[in-house]
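Within every chain, numbering begins at 1; the chains are lettered A, B, ... in the order of the sequence lines, protein sequences first and strands thereafter. Worth saying up front: this structure is predicted, and the values here are computed from it rather than measured.
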There are 2 protein chains.
Amino acid sequence: MSQGEPGIELDTSLGYMLKAASSALHSALEAVLSPLGMTITHYSCLELLAQRPGLSNSELARGAFVTRQSMNVLLQALERQGLVIRPARAPVGRALPTELTALGRRQLETASAAVRRVEQAMLADLDAGQQDQMRRLLTTCTAALTRPPASAT
Amino acid sequence: MSQGEPGIELDTSLGYMLKAASSALHSALEAVLSPLGMTITHYSCLELLAQRPGLSNSELARGAFVTRQSMNVLLQALERQGLVIRPARAPVGRALPTELTALGRRQLETASAAVRRVEQAMLADLDAGQQDQMRRLLTTCTAALTRPPASAT
DNA sequence: TGACTCATGTCAGAAGTCTGACATACGGTG
DNA sequence: CACCGTATGTCAGACTTCTGACATGAGTCA
(Lines give C-alpha, C1' and ligand atoms only; values in the text may rest on other atoms or scores of the structure.)
Protein backbone atom coordinates (compact mmCIF):
# COMPACT_ATOMS: atom_id res chain seq x y z
CA MET A 1 0.00 0.00 0.00
CA SER A 2 2.79 2.46 -0.68
CA GLN A 3 0.73 4.11 -3.37
CA GLY A 4 0.98 7.83 -3.92
CA GLU A 5 -2.01 9.10 -2.02
CA PRO A 6 -4.79 6.82 -0.93
CA GLY A 7 -8.02 8.77 -0.58
CA ILE A 8 -8.11 8.66 3.16
CA GLU A 9 -6.25 6.61 5.71
CA LEU A 10 -9.12 4.69 7.23
CA ASP A 11 -7.34 3.90 10.45
CA THR A 12 -6.61 7.52 11.25
CA SER A 13 -9.43 9.30 9.44
CA LEU A 14 -11.45 11.18 12.00
CA GLY A 15 -14.44 11.05 9.71
CA TYR A 16 -14.26 7.30 9.66
CA MET A 17 -13.66 7.06 13.39
CA LEU A 18 -16.58 9.36 14.07
CA LYS A 19 -18.78 7.13 11.96
CA ALA A 20 -17.47 4.07 13.77
CA ALA A 21 -18.23 5.50 17.19
CA SER A 22 -21.65 6.66 16.10
CA SER A 23 -22.39 3.27 14.60
CA ALA A 24 -21.35 1.51 17.78
CA LEU A 25 -23.59 3.80 19.80
CA HIS A 26 -26.44 3.23 17.38
CA SER A 27 -26.13 -0.54 17.70
CA ALA A 28 -25.91 -0.40 21.47
CA LEU A 29 -29.00 1.79 21.68
CA GLU A 30 -30.92 -0.44 19.32
CA ALA A 31 -29.99 -3.41 21.43
CA VAL A 32 -31.58 -1.94 24.55
CA LEU A 33 -34.52 -0.14 22.90
CA SER A 34 -35.82 -2.81 20.56
CA PRO A 35 -36.78 -5.13 23.46
CA LEU A 36 -38.93 -2.22 24.63
CA GLY A 37 -40.55 -2.06 21.21
CA MET A 38 -39.01 1.31 20.40
CA THR A 39 -36.74 2.57 17.68
CA ILE A 40 -34.07 5.17 18.32
CA THR A 41 -36.03 7.90 16.57
CA HIS A 42 -39.08 6.91 18.56
CA TYR A 43 -37.12 7.34 21.78
CA SER A 44 -35.48 10.56 20.60
CA CYS A 45 -38.86 12.08 19.90
CA LEU A 46 -40.17 11.26 23.36
CA GLU A 47 -37.01 12.50 25.05
CA LEU A 48 -37.12 15.77 23.14
CA LEU A 49 -40.73 16.30 24.14
CA ALA A 50 -39.97 15.61 27.77
CA GLN A 51 -37.30 18.27 27.86
CA ARG A 52 -38.92 20.77 25.52
CA PRO A 53 -42.70 20.38 25.70
CA GLY A 54 -44.62 21.93 22.86
CA LEU A 55 -42.12 21.30 20.09
CA SER A 56 -43.60 21.16 16.61
CA ASN A 57 -43.19 18.37 14.10
CA SER A 58 -40.46 20.25 12.21
CA GLU A 59 -38.58 21.12 15.38
CA LEU A 60 -38.71 17.52 16.53
CA ALA A 61 -37.40 16.43 13.15
CA ARG A 62 -34.42 18.74 13.41
CA GLY A 63 -33.74 17.58 16.96
CA ALA A 64 -33.84 13.93 15.98
CA PHE A 65 -31.84 14.45 12.78
CA VAL A 66 -34.48 13.20 10.37
CA THR A 67 -36.69 14.95 7.81
CA ARG A 68 -39.97 16.43 8.88
CA GLN A 69 -41.72 13.89 6.65
CA SER A 70 -40.21 11.01 8.59
CA MET A 71 -41.04 12.61 11.90
CA ASN A 72 -44.57 13.17 10.73
CA VAL A 73 -45.02 9.47 10.05
CA LEU A 74 -43.68 8.69 13.50
CA LEU A 75 -45.78 11.32 15.26
CA GLN A 76 -48.97 9.98 13.71
CA ALA A 77 -48.10 6.53 15.00
CA LEU A 78 -47.26 7.85 18.47
CA GLU A 79 -50.53 9.78 18.47
CA ARG A 80 -52.48 6.65 17.57
CA GLN A 81 -50.75 4.82 20.40
CA GLY A 82 -51.70 7.58 22.81
CA LEU A 83 -48.14 8.56 23.68
CA VAL A 84 -48.39 12.15 22.48
CA ILE A 85 -51.14 14.65 21.70
CA ARG A 86 -51.41 17.49 19.24
CA PRO A 87 -54.14 20.12 18.95
CA ALA A 88 -56.45 19.80 15.97
CA ARG A 89 -55.75 23.37 14.93
CA ALA A 90 -52.54 25.37 15.13
CA PRO A 91 -52.73 28.14 17.74
CA VAL A 92 -50.48 30.24 15.54
CA GLY A 93 -49.07 29.70 12.07
CA ARG A 94 -49.16 26.06 11.02
CA ALA A 95 -46.98 24.56 13.76
CA LEU A 96 -48.75 22.07 16.01
CA PRO A 97 -47.26 22.04 19.53
CA THR A 98 -46.88 18.43 20.65
CA GLU A 99 -47.12 17.22 24.23
CA LEU A 100 -46.31 13.98 25.98
CA THR A 101 -49.22 12.09 27.56
CA ALA A 102 -48.92 10.35 30.92
CA LEU A 103 -48.57 7.08 29.03
CA GLY A 104 -45.82 8.57 26.88
CA ARG A 105 -44.01 9.82 29.93
CA ARG A 106 -44.20 6.40 31.53
CA GLN A 107 -42.85 4.64 28.45
CA LEU A 108 -40.05 7.16 28.20
CA GLU A 109 -38.96 6.54 31.78
CA THR A 110 -37.96 2.95 31.14
CA ALA A 111 -36.27 3.75 27.86
CA SER A 112 -34.45 6.73 29.26
CA ALA A 113 -32.92 4.67 32.03
CA ALA A 114 -31.67 2.13 29.51
CA VAL A 115 -30.21 4.83 27.28
CA ARG A 116 -28.52 6.45 30.26
CA ARG A 117 -26.85 3.14 31.04
CA VAL A 118 -25.55 2.87 27.48
CA GLU A 119 -24.15 6.37 27.58
CA GLN A 120 -22.44 5.68 30.88
CA ALA A 121 -20.93 2.51 29.48
CA MET A 122 -19.60 4.50 26.54
CA LEU A 123 -17.94 6.98 28.87
CA ALA A 124 -16.77 4.49 31.47
CA ASP A 125 -13.10 5.00 30.65
CA LEU A 126 -13.19 8.80 30.44
CA ASP A 127 -12.84 11.15 33.39
CA ALA A 128 -14.78 14.39 33.68
CA GLY A 129 -12.04 16.41 32.04
CA GLN A 130 -11.85 14.14 29.05
CA GLN A 131 -15.60 14.18 28.65
CA ASP A 132 -15.52 17.93 28.66
CA GLN A 133 -12.75 17.94 26.09
CA MET A 134 -14.80 15.63 23.92
CA ARG A 135 -17.79 17.95 24.14
CA ARG A 136 -15.67 20.84 22.95
CA LEU A 137 -14.19 18.84 20.09
CA LEU A 138 -17.51 17.51 18.86
CA THR A 139 -19.10 20.93 19.08
CA THR A 140 -16.26 22.43 17.06
CA CYS A 141 -16.56 19.77 14.37
CA THR A 142 -20.33 20.08 14.13
CA ALA A 143 -20.07 23.84 13.87
CA ALA A 144 -17.43 23.62 11.17
CA LEU A 145 -19.54 21.23 9.11
CA THR A 146 -22.70 23.26 9.53
CA ARG A 147 -20.94 26.47 8.62
CA PRO A 148 -21.48 27.53 5.00
CA PRO A 149 -18.78 26.04 2.75
CA ALA A 150 -16.83 29.29 2.56
CA SER A 151 -17.20 30.37 -1.04
CA ALA A 152 -13.98 30.45 -3.01
CA THR A 153 -13.84 34.22 -3.35
CA MET B 1 -37.58 21.71 34.11
CA SER B 2 -36.50 21.41 37.74
CA GLN B 3 -37.71 17.84 37.77
CA GLY B 4 -35.78 15.25 39.69
CA GLU B 5 -33.77 13.69 36.90
CA PRO B 6 -34.61 14.30 33.29
CA GLY B 7 -33.58 11.35 31.17
CA ILE B 8 -30.59 13.01 29.63
CA GLU B 9 -29.50 16.60 29.31
CA LEU B 10 -29.56 16.96 25.57
CA ASP B 11 -27.25 19.94 25.48
CA THR B 12 -24.47 18.14 27.35
CA SER B 13 -25.19 14.51 26.47
CA LEU B 14 -22.16 13.14 24.69
CA GLY B 15 -24.35 10.54 23.04
CA TYR B 16 -26.49 13.26 21.56
CA MET B 17 -23.52 15.38 20.55
CA LEU B 18 -21.88 12.40 18.92
CA LYS B 19 -25.04 11.80 16.94
CA ALA B 20 -25.20 15.48 16.01
CA ALA B 21 -21.64 15.51 14.72
CA SER B 22 -22.13 12.29 12.83
CA SER B 23 -25.33 13.59 11.30
CA ALA B 24 -23.65 16.80 10.20
CA LEU B 25 -20.86 14.80 8.62
CA HIS B 26 -23.37 12.54 6.94
CA SER B 27 -25.22 15.50 5.45
CA ALA B 28 -22.03 17.16 4.27
CA LEU B 29 -20.87 13.96 2.61
CA GLU B 30 -24.21 13.41 0.95
CA ALA B 31 -24.09 16.95 -0.37
CA VAL B 32 -20.82 16.35 -2.20
CA LEU B 33 -21.38 12.73 -3.21
CA SER B 34 -24.90 12.86 -4.57
CA PRO B 35 -23.91 15.20 -7.43
CA LEU B 36 -21.47 12.45 -8.38
CA GLY B 37 -24.29 9.93 -8.36
CA MET B 38 -22.94 8.10 -5.35
CA THR B 39 -24.30 7.30 -1.92
CA ILE B 40 -22.11 7.26 1.17
CA THR B 41 -22.14 3.47 1.40
CA HIS B 42 -21.31 3.30 -2.29
CA TYR B 43 -18.27 5.51 -1.72
CA SER B 44 -17.27 3.67 1.47
CA CYS B 45 -17.24 0.39 -0.38
CA LEU B 46 -14.98 1.73 -3.12
CA GLU B 47 -12.64 3.38 -0.64
CA LEU B 48 -12.35 0.20 1.39
CA LEU B 49 -11.52 -1.78 -1.72
CA ALA B 50 -8.88 0.72 -2.77
CA GLN B 51 -7.08 0.39 0.53
CA ARG B 52 -7.69 -3.27 1.14
CA PRO B 53 -8.07 -5.05 -2.19
CA GLY B 54 -9.66 -8.46 -2.05
CA LEU B 55 -12.06 -7.82 0.80
CA SER B 56 -15.10 -10.08 0.85
CA ASN B 57 -18.70 -8.98 0.96
CA SER B 58 -18.96 -9.57 4.70
CA GLU B 59 -15.73 -7.75 5.42
CA LEU B 60 -16.86 -4.78 3.34
CA ALA B 61 -20.13 -4.75 5.23
CA ARG B 62 -18.35 -4.56 8.57
CA GLY B 63 -16.08 -1.82 7.28
CA ALA B 64 -18.98 0.25 6.01
CA PHE B 65 -21.13 -0.39 9.09
CA VAL B 66 -24.01 -2.06 7.30
CA THR B 67 -25.27 -5.64 7.21
CA ARG B 68 -23.79 -8.07 4.74
CA GLN B 69 -27.20 -8.28 3.10
CA SER B 70 -27.17 -4.57 2.35
CA MET B 71 -23.62 -4.69 1.10
CA ASN B 72 -24.54 -7.61 -1.11
CA VAL B 73 -27.26 -5.57 -2.80
CA LEU B 74 -24.80 -2.75 -3.36
CA LEU B 75 -22.01 -5.01 -4.62
CA GLN B 76 -24.29 -6.57 -7.21
CA ALA B 77 -25.14 -3.11 -8.48
CA LEU B 78 -21.49 -2.04 -8.54
CA GLU B 79 -20.65 -5.23 -10.38
CA ARG B 80 -23.32 -4.53 -13.00
CA GLN B 81 -21.91 -1.03 -13.43
CA GLY B 82 -18.45 -2.46 -13.93
CA LEU B 83 -16.90 -0.76 -10.92
CA VAL B 84 -15.85 -3.95 -9.16
CA ILE B 85 -15.28 -7.58 -10.05
CA ARG B 86 -15.71 -10.80 -8.14
CA PRO B 87 -14.64 -14.29 -9.15
CA ALA B 88 -17.46 -16.66 -10.05
CA ARG B 89 -16.21 -19.23 -7.58
CA ALA B 90 -14.63 -18.71 -4.17
CA PRO B 91 -10.92 -19.64 -4.16
CA VAL B 92 -11.31 -20.79 -0.59
CA GLY B 93 -14.32 -21.09 1.66
CA ARG B 94 -17.29 -19.07 0.48
CA ALA B 95 -15.76 -15.61 0.59
CA LEU B 96 -15.50 -13.89 -2.79
CA PRO B 97 -12.53 -11.50 -2.89
CA THR B 98 -13.64 -8.28 -4.54
CA GLU B 99 -11.43 -6.01 -6.61
CA LEU B 100 -11.78 -2.52 -8.01
CA THR B 101 -11.80 -2.16 -11.79
CA ALA B 102 -10.04 0.69 -13.56
CA LEU B 103 -13.40 2.37 -13.94
CA GLY B 104 -14.10 1.95 -10.25
CA ARG B 105 -10.74 3.41 -9.37
CA ARG B 106 -11.39 6.38 -11.59
CA GLN B 107 -14.80 7.04 -10.08
CA LEU B 108 -13.34 6.76 -6.61
CA GLU B 109 -10.69 9.35 -7.33
CA THR B 110 -13.16 12.17 -7.81
CA ALA B 111 -15.26 11.15 -4.85
CA SER B 112 -12.28 10.70 -2.59
CA ALA B 113 -11.05 14.21 -3.26
CA ALA B 114 -14.46 15.60 -2.37
CA VAL B 115 -14.64 13.56 0.82
CA ARG B 116 -11.18 14.67 1.78
CA ARG B 117 -12.26 18.28 1.45
CA VAL B 118 -15.23 17.66 3.72
CA GLU B 119 -13.06 16.04 6.35
CA GLN B 120 -10.62 18.92 6.20
CA ALA B 121 -13.45 21.39 6.61
CA MET B 122 -14.63 19.49 9.65
CA LEU B 123 -11.19 19.70 11.23
CA ALA B 124 -10.39 23.23 10.14
CA ASP B 125 -10.51 24.59 13.67
CA LEU B 126 -8.51 21.80 15.32
CA ASP B 127 -4.74 21.62 15.52
CA ALA B 128 -2.82 18.38 15.23
CA GLY B 129 -2.81 17.82 18.98
CA GLN B 130 -6.56 18.23 19.25
CA GLN B 131 -7.12 15.89 16.34
CA ASP B 132 -4.98 13.31 18.04
CA GLN B 133 -6.87 13.77 21.26
CA MET B 134 -10.11 13.28 19.39
CA ARG B 135 -8.83 10.05 17.87
CA ARG B 136 -8.03 8.72 21.30
CA LEU B 137 -11.39 9.72 22.73
CA LEU B 138 -13.39 8.23 19.88
CA THR B 139 -11.40 5.03 19.99
CA THR B 140 -11.98 4.71 23.71
CA CYS B 141 -15.73 5.25 23.33
CA THR B 142 -16.02 2.79 20.47
CA ALA B 143 -14.09 0.18 22.40
CA ALA B 144 -16.23 0.67 25.49
CA LEU B 145 -19.43 0.25 23.48
CA THR B 146 -18.15 -2.79 21.63
CA ARG B 147 -16.96 -4.42 24.80
CA PRO B 148 -19.34 -7.06 26.18
CA PRO B 149 -21.83 -5.44 28.57
CA ALA B 150 -19.99 -6.62 31.68
CA SER B 151 -22.31 -9.14 33.26
CA ALA B 152 -23.72 -8.12 36.62
CA THR B 153 -21.77 -10.63 38.66
C1' DT C 1 -15.38 -40.59 9.53
C1' DG C 2 -19.37 -37.95 11.34
C1' DA C 3 -21.40 -34.25 14.06
C1' DC C 4 -21.13 -29.76 15.47
C1' DT C 5 -20.05 -24.84 15.17
C1' DC C 6 -19.03 -20.83 12.76
C1' DA C 7 -18.65 -17.63 8.82
C1' DT C 8 -20.17 -16.61 4.35
C1' DG C 9 -23.32 -15.54 0.15
C1' DT C 10 -27.83 -14.95 -1.23
C1' DC C 11 -32.96 -14.51 -1.63
C1' DA C 12 -37.32 -12.62 0.04
C1' DG C 13 -40.23 -9.61 2.65
C1' DA C 14 -40.73 -5.77 6.03
C1' DA C 15 -39.57 -1.43 8.08
C1' DG C 16 -37.67 3.16 8.22
C1' DT C 17 -36.30 7.16 5.83
C1' DC C 18 -35.95 10.00 1.89
C1' DT C 19 -37.31 13.03 -2.24
C1' DG C 20 -41.01 15.33 -4.64
C1' DA C 21 -45.12 17.80 -4.45
C1' DC C 22 -48.93 20.70 -2.76
C1' DA C 23 -51.61 23.70 0.36
C1' DT C 24 -51.56 26.81 4.20
C1' DA C 25 -49.87 30.59 7.32
C1' DC C 26 -46.68 34.34 8.66
C1' DG C 27 -43.55 38.38 7.59
C1' DG C 28 -41.50 41.84 4.83
C1' DT C 29 -41.59 45.04 0.84
C1' DG C 30 -43.29 47.31 -3.24
C1' DC D 1 -53.27 46.28 -0.29
C1' DA D 2 -50.78 42.77 -3.26
C1' DC D 3 -46.69 40.11 -3.92
C1' DC D 4 -43.06 37.22 -2.65
C1' DG D 5 -40.07 34.34 0.18
C1' DT D 6 -39.95 31.32 3.97
C1' DA D 7 -41.65 27.80 7.14
C1' DT D 8 -44.86 24.41 8.19
C1' DG D 9 -47.94 19.99 7.82
C1' DT D 10 -49.12 16.37 4.95
C1' DC D 11 -49.68 12.89 1.19
C1' DA D 12 -47.59 9.68 -2.11
C1' DG D 13 -44.01 6.96 -4.18
C1' DA D 14 -39.23 5.29 -4.27
C1' DC D 15 -35.08 3.92 -2.20
C1' DT D 16 -32.01 1.98 1.25
C1' DT D 17 -31.32 -0.87 4.89
C1' DC D 18 -32.88 -4.23 7.95
C1' DT D 19 -34.57 -8.93 9.84
C1' DG D 20 -35.48 -13.71 8.78
C1' DA D 21 -34.25 -17.74 6.42
C1' DC D 22 -31.59 -21.18 3.87
C1' DA D 23 -27.56 -23.47 1.72
C1' DT D 24 -22.57 -23.92 1.27
C1' DG D 25 -17.73 -24.42 2.89
C1' DA D 26 -14.05 -24.67 6.58
C1' DG D 27 -12.46 -25.96 11.11
C1' DT D 28 -12.83 -28.65 15.55
C1' DC D 29 -13.39 -32.62 18.19
C1' DA D 30 -14.93 -37.08 19.60
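- Distances from the side chain of A:Arg68 to the nucleotides D:dT10, C:dT8, D:dT17 place D:dT10 closest.
- Hydrophobic clustering (ILVMFWY, side-chain heavy atoms < 4.5 Å, transitive): B:Leu100 and B:Ile85 are in distinct clusters.
- Between D:dT10 and A:Asn72, a contact under 4.0 Å exists linking OP1 or OP2 to a side-chain N or O.
- Side-chain N/O atoms of B:Thr41 include one lying less than 4.0 angstrom from OP1 or OP2 on D:dT17.
- In terms of phosphate contacts, A:Arg86 brings no side-chain nitrogen or oxygen within less than 4.0 Å of OP1 or OP2 of D:dT8.
- Close to D:dC18, at under 4.0 Å from its OP1 or OP2, lies a side-chain N or O of B:Thr67.
- Between A:Val66 and A:Pro91, the one whose closest nucleotide on DNA chain C sits nearer the 5' end is A:Val66.
- Sorted pairs that involve residues 58-76 of chain A and meet salt bridge (Lys or Arg N to Asp or Glu O under 4.0 Å), not counting sequence neighbours, are lacking altogether.
- Residue contacts for B:Ser58: at a heavy-atom cut-off of 4.0 Å it reaches the sugar-phosphate backbone alone, with no base atom in range.
- Atom CD of A:Glu99 has more than 12 neighbouring heavy atoms from other residues, nucleotides or ligands inside a 6.0 Å radius.
- Direction change of the helix axis from one end of the helix from C:dT1-D:dA30 to C:dG30-D:dC1 to the other is 20°, with five pairs defining each end axis (rounded to 10°).
- In this structure, A:Ser70 reaches the C:dC18 phosphate: one of its side-chain N or O atoms is under 4.0 Å from OP1 or OP2.
- Between A:Met71 and B:Asn57, the residue anchored closer to the 5' end of DNA chain C is B:Asn57, taking for each the nucleotide with the nearest heavy atom.
- Salt bridge B:Arg147/A:Asp125: present, at least one basic N to carboxylate O contact under 4.0 Å.
- A:Leu74 comes within 4.0 angstrom of no nucleic acid atom, judged by non-hydrogen atoms across all strands.
- Note that CG of A:Leu36 and CD of A:Gln107 are 8.0 Å apart. Values are rounded to the nearest 0.5 Å.
- Judged by atom type and distance alone, B:Arg94 reaches the base of D:dA23 through a side-chain donor-acceptor pair under 3.5 Å.
- Checked against C:dT10, C:dC18, C:dA25, the side chain of B:Gln76 finds its nearest nucleotide in C:dT10.
- For B:Gln69 and C:dG9, a side-chain-to-base donor-acceptor distance below 3.5 Å is absent, hydrogens and geometry of angles not being considered.
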